[in-house]
Trainee: 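Input: one structure, supplied below.
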Number of protein chains: 2
Amino acid sequence: MTNPRQPHQPRQLSLNAFLHDTGHHEASWRHPESSAERAHDIEFYVEQAQKAEAAKLDGVFFADIPGLWAATPYRPTAHLEPITRLSAMAARTEKIGLIATASTTFHEPYNLARLFSSLDIISGGRAGWNIVTTQSEAVARNFSLATMPDPAERYARAQEFIDVVTKLWDSWEDDAVLADRDSGRYFDPDKVHAINHVGRFFQVEGALAAPRSPQGRPVYVQAGSSNEGRAFAARNAEAIFTAHQTLGDAQAFYDDIKSRAARFGRDPGHVKILPGISPFLGDTEQEAKELQQYFNELTVPAYGIGQLESLAGISLGHLELDERVPVELFAGSGDVLDNNRSRLQVVANIVERDRPTLRQLLHRLAGGRGHNVVAGTPLQVADIITEWFENGAADGFNVMPPLYPQLLDAFTAGVVPILQERGLFRTEYAGSTLRDHYGLPRPDSLYAATAAATTA
Amino acid sequence: MTNPRQPHQPRQLSLNAFLHDTGHHEASWRHPESSAERAHDIEFYVEQAQKAEAAKLDGVFFADIPGLWAATPYRPTAHLEPITRLSAMAARTEKIGLIATASTTFHEPYNLARLFSSLDIISGGRAGWNIVTTQSEAVARNFSLATMPDPAERYARAQEFIDVVTKLWDSWEDDAVLADRDSGRYFDPDKVHAINHVGRFFQVEGALAAPRSPQGRPVYVQAGSSNEGRAFAARNAEAIFTAHQTLGDAQAFYDDIKSRAARFGRDPGHVKILPGISPFLGDTEQEAKELQQYFNELTVPAYGIGQLESLAGISLGHLELDERVPVELFAGSGDVLDNNRSRLQVVANIVERDRPTLRQLLHRLAGGRGHNVVAGTPLQVADIITEWFENGAADGFNVMPPLYPQLLDAFTAGVVPILQERGLFRTEYAGSTLRDHYGLPRPDSLYAATAAATTA
């Protein structure tokens with residue numbers, strides 16, 4: 001369970017496949033060759049995970065909210081629960097990491113600790129938890145809450161939630177199970193610990209209802225980039241999914257997180273920063289750009305307008321599609337949900353820099369919801385990845401194919417081999433856990449050193 | 001999705017395999033050939049499900065509490081979360097039903113509705129939910145509760161919980177997904193319904209974050225036999241797991257539940273009553289009884305005494321193992337947890353009828369925790385099953401092998417063929433869902449008939 005990478009091996013990229021229905025482009029499902037009829041078919045996701053594993057990617061990842069993605073009929077808006085999906089996918093794969101999003105606002109820590117512990121055990125140590133606090137009034141109304149707690153309150157709960165989950169994951173020491181037929185002792189009661197957590201949000205006795213999982217703790221992932229989100233990530237996260245359109249923005253974020261992590265006394269090398277990248281690939285740049293344009297023309301403008309209005313809290317009803325978007329429309333937007341602030345900043349930057357028409361802006365956002373959408377040859381995309389990786393902007397990428405499986409296939413067949421030739425990406429898995437793939441240490445149990453112990 | 005059984009086909013048995021670590025006998029893990037080292041290995045459970053499927057059983061079943069089974073080192077007490085386990089097992093099986101226990105006291109209905117909907121979709125319609133209210137002070141302390149709600153309160157919450165979950169499962173009508181590339185409409189907003197539930201315990205807007213699952217609703221299972229439990233089961237359950245030691249007790253329970261169900265206006269044929277049976281099998285009766293005795297001698301008396309003390313709320317410290325248990329010890333026990341009352345009655349009946357020593361009583365209980373433990377040839381066990389099935393005591397059985405896989409193998413190889421020869425059990429699956437196997441109808445969505453509809 002030690003880091004399988006040798007000290008003198010060059011620094012290695014991490015690459016996840018971010019799975020998302022038929023693909024990340026909002027109109028992907030309308031493509032004539034899309035898998036629109038398979039968006040809820042587990043075999044479709046098993047296939048993508050097997051493809052990602054064949055290409056030696058680090059992991060697959062599902063976003064999630066406990067509600068509909070959006071109140072719109074214009075794209076797949078319903079989605080299966082990710083931990084159950086990944087449990088099924090674990091049974092049909094061997095090496096690929098399995099990362100599920102789950103909210104600290106809408107779960108009990110004991111239940112969620114169990115679900116991830118179980119996924120880690122089922123998969124032989126491949127689980128990751130993308131920790132979110134879920135900013136959505138609509139979701140709050142699915143959980144008997146009249147309104148969402150404010151960000152400070154959500155993050156306070158999230159921090160205590162993680163502390164409880166960590167203690168539960170550690171509550172069975174690694175060698176607690178004896179299975180000693182002769183003595184009749186199945187486990188050693190001195191190595192199974194009540195956690196006796198008493199906090200502001202939770203009182204949890206423990207121990208967890210399962211032995212310690214192969215990774216000790218599933219990998220802590222985080223994706224928020226608000227100010228609260230960054231502080232939380234720097235303190236807790238081992239991998240951070242983020243959205244940037246330019247090298248400069250990504251470098252600034254990278255620097256900020258790494259120095260914050262160091263200020264928490266953490267090794268910045270154990271905080272992997274993985275921006276999203278959504279690649280349209282073609283044999284020529286022209287072909288790739290035409291492919292992107294083809295997808296953009298499949299969009300339903302009413303969908304993009306609705307998303308933008310909801311993001312910015314404004315109305316766009318007065319704008320024609322081919323009218324230039326006024327710069328002041330997104331500058332200094334007032335009453336914006338905190339989680340949307342960084343994404344809205346991306347929109348404001350595009351409007352200010354490029355002065356697009358409304359149609360052009362909708363097309364810019366159709367591909368990756370603020371993530372970096374690129375169109376080019378495999379070499380061009382490999383060059384972008386290499387540039388960001390070698391210039392302090394990324395430790396790897398969350399790859400967001402516009403259309404599954406076709407543009408995942410194009411990425412693994414075209415881009416991955418170039419990165420491998422450059423010595424930046426593995427050609428074989430060196431280990432078998434997600435921590436192994438990311439080069440993260442396996443944490444000891446908090447209780448391993450304690451002398452006295454109580455059985456739960 | 002209609003009932004695949006023809007009207008004139010003889011009534012058919014249902015048989016589940018109740019999976020439980022290394023087996024249902026408390027000392028099974030100490031058997032030299034037990035799978036004690038594999039109690040948390042998902043492959044072990046996949047293998048049992050594949051065996052059960054090869055024998056054409058209706059389903060596999062996991063009990064659960066969100067905590068340790070017991071504060072004892074003397075047997076496997078930790079267990080993986082069942083919905084994740086069954087999701088993994090779904091990916092490696094095709095027909096067998098997958099039934100998980102989950103508590104209405106310690107979940108949010110939106111989360112649990114999603115987990116079971118997802119399991120039903122992943123498995124192609126094989127999910128069942130064993131609905132429990134979890135009577136355990138130790139578990140309450142894992143969920144920030146100082147004490148358990150009383151039974152009436154727990155069942156009131158459970159009833160509202162089921163109502164919410166049912167509405168969520170129905171919130172997407174069966175034909176809501178259009179995937180219509182031409183119009184750009186992925187779903188029909190008139191067929192996706194906010195449930196707008198406002199109740200005493202929950203306020204839930206909906207809709208669910210997933211389309212309607214193959215069974216419409218996973219099968220509702222229930223296992224409590226307190227007075228509250230029976231009323232709840234008769235109103236809600238489609239399959240009831242129960243524990244009886246004698247034909248007479250089972251008949252009385254069967255009659256009671258079927259008439260209660262009729263009083264709720266339900267078809268009693270759609271309430272399957274499935275007592276537990278834990279069979280020790282041998283080529284001769286003598287061999288089977290010796291096998292049972294061998295298991296009983298593997299028990300750790302301190303474990304059984306602890307379980308019995310905790311069940312009855314008394315101390316047994318003054319009794320010698322070979323001393324006869326005084327009848328008055330369990331007669332009219334006072335301060336007993338409601339959920340334990342029916343199990344304690346089983347103990348009291350054994351003590352009064354058979355006047356066992358403490359050691360003999362512990363052995364009687366070691367096999368099935370109050371369930372019916374039998375020892376005999378395959379023909380003798382098939383005769384018991386047939387007798388109960390044909391005399392108004394059971395619609396089938398929850399089979400509890402004392403040792404997995406060996407005594408499941410002995411059951412499927414020895415007992416099942418006799419039941420098949422008698423025309424009481426299928427030789428091939430007629431359908432592909434758990435509802436098909438149990439002969440239960442697929443319910444229409446509550447919202448299918450409504451004219452007006454709102455999008456969530």
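Within every chain, numbering begins at 1; the chains are lettered A, B, ... in the order of the sequence lines, protein sequences first and strands thereafter. Quantities reported herein were computed from a predicted structural model and do not represent experimental measurements.
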Trainee: Return the CG to CZ distance between N196(B) and R141(A), rounded to the nearest 0.5 Å.
Mentor: 9.5 Å

Trainee: Check whether I122(A) gets within reach of chain B through its side chain, its backbone, both or neither, counting any heavy atom under 4.5 Å.
Mentor: both

Trainee: Check each atom of P109(A) against the heavy atoms of chain B and say whether the ones under 4.5 Å are side chain, backbone, both or neither.
Mentor: neither

Trainee: Can you spot which of W29(B), Y74(B), Y303(B) makes a side chain to side chain contact (heavy atoms under 4.5 Å, CB included) with Y186(A)?
Mentor: W29(B)

Trainee: Tell me, side chain or backbone of L298(B) under 4.5 Å from chain A's heavy atoms, or both, or neither?
Mentor: neither

Trainee: Test of understanding: with side chain to side chain donor-acceptor pair (under 3.5 Å), list the residues that count as partners of E47(A), not counting sequence neighbours.
Mentor: R38(A)

Trainee: Given a strict heavy-atom distance threshold of 4.5 Å, which part of R92(A) is in contact with chain B: side chain, backbone, both, or neither?
Mentor: side chain

Trainee: Let me know if L168(A) has heavy atoms under 4.5 Å from chain B in its side chain, its backbone, both or neither.
Mentor: neither

Trainee: Out of A78(B), A27(B), S144(B), A302(B), which one racks up the most heavy-atom pairs below 4.5 Å with chain A?
Mentor: S144(B)

Trainee: Could you check whether D64(B) pairs with R114(A) (Lys NZ or Arg NE/NH1/NH2 to Asp/Glu carboxylate O, under 4.0 Å)?
Mentor: yes

Trainee: What option among D41(B), L145(B), D180(B) has the most heavy-atom pairs under 4.5 Å with chain A?
Mentor: D180(B)

Trainee: How close do W172(B) and L68(A) get, counting heavy atoms only, and between which atoms?
Mentor: CZ2-CD2, 3.7 Å

Trainee: Below 4.5 Å from any heavy atom of chain A, which atoms of I65(B) appear? Answer side chain, backbone, both or neither.
Mentor: backbone

Trainee: Is any side-chain heavy atom of F143(B) closer than 4.5 Å to a side-chain heavy atom of V204(A)?
Mentor: no

Trainee: Taking side chain as everything from C-beta outward and backbone as N, CA, C, O, which of these in W69(A) sits under 4.5 Å from a heavy atom of chain B? Side chain, backbone, both or neither.
Mentor: neither

Trainee: If we define contacts as heavy-atom pairs under 4.5 Å, which of L119(B), V177(B), V164(B), T77(B) has the most with chain A?
Mentor: T77(B)

Trainee: For H31(B), which atoms come within 4.5 Å of any heavy atom of chain A: side chain, backbone, both, or neither?
Mentor: backbone

Trainee: List the atom of G67(B), the atom of A209(A), and the distance in Å for their closest heavy-atom pair.
Mentor: O-CB, 3.2 Å

Trainee: Relative to chain A, which segment of Y45(B) carries a heavy atom at a distance below 4.5 Å: side chain, backbone, both, or neither?
Mentor: neither

Trainee: Mark yes when over 12 heavy atoms from residues, nucleotides or ligands other than E94(B) sit less than 6.0 Å from its CD; otherwise mark no.
Mentor: no

Trainee: What part of S34(B) gets within 4.5 angstrom of chain A, counting heavy atoms only: side chain, backbone, both, or neither?
Mentor: both

Trainee: Do I83(B) and T84(A) make a side-chain contact, defined as non-hydrogen atoms from C-beta onward lying under 4.5 Å apart?
Mentor: yes

Trainee: With a 4.5 angstrom heavy-atom cut-off, which part of D182(A) approaches chain B: side chain, backbone, both or neither?
Mentor: backbone

Trainee: Under a 3.5 Å distance rule, please check whether N142(B) uses its side chain to pair with a backbone N or O of Y110(A) as donor and acceptor.
Mentor: no

Trainee: When only pairs under 4.5 Å are counted, which of G199(A), P76(A), A146(A) shares the most heavy-atom pairs with chain B?
Mentor: P76(A)

Trainee: Hey, could you give me the CD/CD1 distance between E81(A) and I121(B), rounded to the nearest 0.5 Å?
Mentor: 11.5 Å

Trainee: Can you tell me how far apart CG (N111(B)) and OG (S103(A)) are? Round to the nearest 0.5 Å.
Mentor: 8.5 Å

Trainee: Hey, what do you get for NE2 (H40(A)) to OG (S213(B)), rounding to the nearest 0.5 Å?
Mentor: 12.0 Å

Trainee: Can you tell me which of G184(A), S118(A), A179(A), A36(A) forms the most heavy-atom pairs within a distance under 4.5 Å of chain B?
Mentor: G184(A)

Trainee: Specify which of H79(B), R85(B), H197(B) makes the most heavy-atom pairs with chain A at under 4.5 Å.
Mentor: H79(B)

Trainee: Report which part of A90(B) has an atom under 4.5 Å of a heavy atom belonging to chain A: side chain, backbone, both, or neither.
Mentor: neither

Trainee: Which of the residues S87(A), S183(A), A39(A), A138(A) is involved in the greatest number of heavy-atom pairs with chain B at under 4.5 angstrom?
Mentor: S87(A)

Trainee: Heavy-atom pairs under 4.5 Å with chain B are the metric here; pick the option from T299(A), V300(A), L115(A) that has the most.
Mentor: L115(A)

Trainee: Closer than 3.5 angstrom, by distance alone: can the side chain of R30(B) be matched with the main-chain N or O of R181(A) as a donor-acceptor pair?
Mentor: yes

